[in-house]
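Take a look at the structure below.
Position 1 is the first residue of the sequence; numbering continues from there.
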Amino acid sequence: MTERIPSRPYAAITGIGGYIPPNKRSNTDLEQFCDTSDEWIIKRTGIKERRILEENLATSDMAVKAIQDLATQYHKNLNDVDALIVATSTPDMPMPATANIILEKLGLTNVWAFDVNAACSGFLYALDMASALVETGRYKNVLVVGADNISTYVDLRDRSTNILFGDGAGVIWLEPSLEGGIMDAYLCSNGAGKEFLKIEAGGSLYPIDSNLPVNDNRFLKQDGKTVFRHAVQSMSDACNTVLQRNNLQIEDINWLIPHQANQRIIDAVGRSLNIPQDRALSNIEYLGNTIAATIPLCIWQNIKKLNTGDLVMLTAFGAGFSWGASIFKWMI
């Protein structure tokens, strides 16, 4: 494995929390908006329903509930938090950062907090940055949130996106440990896929103009076939890279937790890596693709399967394109 600086701590996950909205959008519900069916959706995605955040609530509200869940379950004092990184593609507003809004709602002050936007790879990016903060010793209690209210950007008439996406939030707590934790990460992006998965409106290139009629460019657009092909190849390559440079074999990995984009993508990556299907965790069936929240929510919902000392590999692929993989030792 990669050698570490003597006495340099790992960043270990010491708590995890999650939140999924109560409102459900089933496949049958979607039949009212476009030419689709429950059977067609399940066959192509593995998804039966997805959760939808209530009106007048935002990404920060889900994140707050996830953090409160973590604090309750693991008896954490939120006043100990000294850094917060929020991975999201659906901030409450362009500014300030959603991380700042979360702090205000939790009553926290003097915390270094900011957002990361790497789409579906956002949680992996944020996790790597957070682990570096802990490893240096400059921060000791870091929260990493993955949260997205993506349903607000889904056109219910567009079955290339409406069948896939749902809302949710997950969070992990990182602390220093000499015993184990985040071991390595391999993260990439290239910009070559910006036309295949995007939300155009609202940025400086396509600003919202109140004098113009509402345009479809405010909705999430996806070229599913192109994204599928690149996702499987990129996630598989990233996993193999991080395994090789840590002198590990796939047999050493107890659990693969992929981004929950599509069950067919999850299965294809598993086959490419030659990992048994029962060691590739999935929760997409009843949540859909929650963007940056998929990986922490999948850990949260499958936590009883994880044992202290297990090696866990994460992998994700998102808009941009952005992708990567990381490995950690489960210390809870």
Side-chain angles (χ1 to χ4, degrees), residues 1-18 66-85 87 123-146 169-187 239 242-243 245-259 275 278-281 283 292-316 324-332:
M1 297 182 186
T2 303
E3 293 188 13
R4 301 180 65 81
I5 299 172
S7 76
R8 181 173 176 176
Y10 290 91
I13 297 173
T14 61
I16 186 163
I67 293 169
Q68 290 171 335
D69 173 70
L70 183 157
T72 300
Q73 294 300 318
Y74 293 89
H75 308 290
K76 297 286 192 181
N77 185 347
L78 293 179
N79 289 314
D80 292 334
V81 173
D82 46 21
L84 166 66
I85 305 177
F123 183 78
L124 286 192
Y125 277 54
L127 180 64
D128 194 43
M129 285 190 289
S131 65
L133 299 181
V134 174
E135 289 168 4
T136 63
R138 296 176 71 175
Y139 296 85
K140 297 187 181 300
N141 294 281
V142 181
L143 288 178
V144 184
V145 171
V171 58
I172 58 102
W173 187 300
L174 288 181
E175 293 182 69
S177 169
L178 295 177
E179 303 301 319
I182 311 298
M183 295 163 52
D184 195 13
Y186 175 73
L187 302 168
C239 287
V242 80
L243 286 171
R245 70 186 197 182
N246 287 274
N247 300 316
L248 294 170
Q249 305 295 322
I250 194 64
E251 292 78 14
D252 298 316
I253 301 300
N254 298 99
W255 303 104
L256 172 68
I257 304 180
H259 165 54
I275 192 169
D278 61 357
R279 283 165 48 202
L281 299 181
N283 67 343
T294 68
I295 287 177
L297 281 177
C298 193
I299 299 173
W300 179 61
Q301 291 194 318
N302 287 280
I303 194 168
K304 292 183 178 180
K305 296 181 180 180
L306 277 61
N307 297 305
T308 302
D310 281 355
L311 288 185
V312 182
M313 185 158 63
L314 311 177
T315 186
S326 64
I327 296 178
F328 64 85
K329 182 181 288 187
W330 184 250
M331 300 304 297
I332 296 178

(message) List the residues meeting ring pair (Phe, Tyr, Trp, His ring centres under 6.0 Å) with Tyr186, not counting sequence neighbours, and say none if there are none.
(response) none
(request) Find out whether Gln301 and Leu281 are in side-chain contact, i.e. whether some heavy atom of one side chain is under 4.5 Å from a heavy atom of the other. (result) no
(message) Looking at every non-hydrogen atom in both residues, tell me the closest pair between Cys239 and Leu256 and how far apart they are.
(response) SG-CD1, 4.3 Å
(request) Return the minimal non-hydrogen interatomic distance between Met331 and Ala12, and the atom names on each side. (result) CG-CB, 4.1 Å
(message) Taking Gly18's backbone N and O only, do any of them form a donor-acceptor pair with Asp69's side chain (distance below 3.5 Å, no angle check)?
(response) yes
(request) For the pair Thr315 (side chain) and Gly324 (backbone), establish whether a donor and an acceptor sit closer than 3.5 Å, ignoring hydrogens and angles. (result) yes
(request) Kindly indicate, with the supporting measurements, whether the criterion side-chain contact (heavy atoms from CB on, under 4.5 Å) is fulfilled by Asp252 and Ile327. (result) CA-CA 11 Å; Asp252 298 316; Ile327 296 178; over 6 Å; no
(request) Please report the closest heavy-atom contact between Leu127 and Ser326, naming both atoms and the distance. (result) CD2-OG, 4.3 Å
(message) Within the 3.5 Å criterion, strictly below it, is a donor on Asp80 or Asn141 matched to an acceptor on the partner's side chain?
(response) no
(request) Establish, from distance only, whether the side-chain atoms of Asn254 and Trp330 form a donor-acceptor pair under 3.5 Å. (result) no
(message) Checking the side chain of Thr14 only, and the main-chain atoms of Leu174 only, is there a donor and an acceptor separated by less than 3.5 Å?
(response) no
(request) Mind running side-chain contact (heavy atoms from CB on, under 4.5 Å) on Ile299 and Trp255 for me, showing each step along the way? (result) CA-CA 10 Å; Ile299 299 173; Trp255 303 104; over 6 Å; no
(message) I want to check something: taking the side chain as every heavy atom from C-beta on, are Ile16 and Tyr74 in contact at a cut-off of under 4.5 Å?
(response) yes
(request) Check Val242 against Ala325 and note the closest heavy-atom contact, atom names and distance. (result) CG1-CB, 4.1 Å
(request) Grab the two heavy atoms, one from Phe123 and one from Ala87, that are nearest each other, plus how far apart they are. (result) N-CB, 3.6 Å
(request) For a side chain to side chain contact (heavy atoms under 4.5 Å, CB included) with Val312, tell me which candidate from Ile13, Ile257, Ile253 qualifies. (result) Ile257
(message) Any non-hydrogen side-chain atom of Met183 less than 4.5 Å from a side-chain atom of Leu248?
(response) yes
(message) Using every non-hydrogen atom in the two residues, find where Leu124 and Ala316 come nearest and quote the distance to one decimal.
(response) CD1-N, 3.6 Å
